[in-house]
S.K.: 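Pasting a structure here, questions to come.
Chain letters run A, B, ... following the sequence lines, proteins first, then strands; residues in each count from 1.
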Protein chains: 2
Amino acid sequence: MPLMSSLKILGLGAAFITVGLKGLDWLLALHHRPGRGSRQPLNEVLFFPSLPACVEHLYNPDRSHSCACPLPHGLNTSFTKLLEHLLSACVSLDICLFSFSNTELSRAVLLLHSRGVRVRVLTDRNYMAITGSQIGILRKAGICVRHELVITMHMHHKFALLDGRKLITGSLNWTLTAIQSNKENVIVTEEPELVRPYEREFNNLWKANDPAKHLP
Amino acid sequence: MPLMSSLKILGLGAAFITVGLKGLDWLLALHHRPGRGSRQPLNEVLFFPSLPACVEHLYNPDRSHSCACPLPHGLNTSFTKLLEHLLSACVSLDICLFSFSNTELSRAVLLLHSRGVRVRVLTDRNYMAITGSQIGILRKAGICVRHELVITMHMHHKFALLDGRKLITGSLNWTLTAIQSNKENVIVTEEPELVRPYEREFNNLWKANDPAKHLP
């Protein structure tokens with residue numbers, strides 16, 4: 001009888017382990033299923049034009065109540081989301097932009113630079129000098145800027161890499177017209193299969209357009 | 001003894017089931033792990049400029065050996081990959097483009113239309129009429145084209161949706177300069193979190209720019 005009892009316990013024990021392990025698997029699968037799980041990388045799409053809105057609270061979270069500008073306050077627009085993502089950079093910001101004239105985005109880049117974030121900017125040779133371009137202002141602030149050294153083509157990218165893990169890319173040039181008037185799209189993603197190729201592209205272009213390599 | 005034997009068999013059976021189920025789970029997890037599994041959606045990035053190459057085999061797979069054009073044959077470039085993705089549409093193709101002048105991409109769209117794929121094209125009001133634009137050719141072939149009916153802004157998107165499940169989007173306008181000369185990027189993805197918003201955007205713009213709604 002003791003032997004029979006032991007075997008009964010062994011049988012029941014194994015059956016409970018089976019059910020227990022399956023249950024654990026189901027719970028884990030439920031937790032990690034696409035769209036819900038903590039493992040699912042960020043994938044967000046922003047469409048423009050964006051409504052004008054006050055963005056002061058994004059630069060100064062402590063003094064957000066004190067802004068008296070005439071723009072609507074507290075709106076969560078595509079532009080506030082874009083700016084919020086940009087300001088989330090902690091370590092590095094690599095920007096590869098055809099055209100950069102928006103003063104709010106420029107202010108955000110300058111703020112990140114002043115916080116010690118390593119900022120690198122790659123831009124188009126011709127468009128960097130147009131009226132309203134922010135490139136000169138970024139350079140004066142000490143931010144490292146490189147431009148395409150080959151004249152015959154456009155550097156038409158419009159992407160930014162934050163901390164080497166978040167990618168912002170799309171049709172949107174960083175201009176006021178694009179943000180407030182055009183139909184535009186921006187993807188914000190942390191999907192490694194998308195982030196890594198852009199990281200390689202930035203590093204390749206950064207090296208290829210090193211002015212030291214192109215001295216006369 | 002027969003009872004004891006039955007219990008032994010029950011115990012061993014339960015243990016085997018436990019090990020068997022865990023083994024099956026591991027095999028399934030291995031098969032579906034990110035980057036390998038059939039569940040992982042397509043995420044591909046193409047960079048331009050692309051080397052010129054013969055693409056005849058993509059239109060006529062059976063007569064690929066017969067092309068005598070002077071372009072390099074058998075190259076797998078960013079452009080051949082883009083064209084291959086485009087030609088993979090079976091049911092529907094929704095294109096939302098600022099500028100469309102590339103004749104190879106136009107030929108692919110016309111081929112899909114002739115195969116019975118439902119093609120819809122949304123484009124910018126001003127750029128649809130520039131020299132070399134393919135919009136008139138698509139319209140003459142019977143493809144449904146709509147353009148932005150509001151004059152003050154650009155329809156600056158550059159994306160295409162294939163069969164409602166594959167998205168092609170990036171900085172690339174469908175022009176020869178963009179493909180062969182500019183630094184450009186294109187994402188090809190089947191990630192539902194990215195595809196669905198673009199699908200909604202296309203349908204919203206398609207409805208908003210219905211000429212019947214804007215009759216004088």
S.K.: Can you tell which of B:Ser171, B:Cys96, B:Pro197, B:Gly170 has the highest number of heavy-atom pairs within less than 4.5 Å of chain A?
M.R.: B:Ser171
S.K.: So, B:Asn209 side chain and B:Leu149 main chain: donor-acceptor pair closer than 3.5 Å or not?
M.R.: yes
S.K.: Are side-chain N/O atoms of A:His154 and B:Asn182 paired as donor and acceptor at under 3.5 Å?
M.R.: no
S.K.: List the residues meeting salt bridge (charged side-chain N to carboxylate O under 4.0 Å, His left out) with A:Glu201, not counting sequence neighbours, and say none if there are none.
M.R.: none
S.K.: Before accepting this row, confirm whether a basic side-chain N of the pair B:Glu148/B:Arg125 lies closer than 4.0 Å to the acidic partner's carboxylate O.
M.R.: no
S.K.: Please rank A:Arg196, A:Glu184, A:Met155 by heavy-atom pairs under 4.5 Å with chain B and give me the top one.
M.R.: A:Glu184
S.K.: Identify which part of A:Asn173 has an atom lying under 4.5 Å from any heavy atom of chain B, answering side chain, backbone, both or neither.
M.R.: side chain
S.K.: Where on A:Tyr198 is there a heavy atom nearer than 4.5 Å to chain B: the side chain, the backbone, both, or neither?
M.R.: both
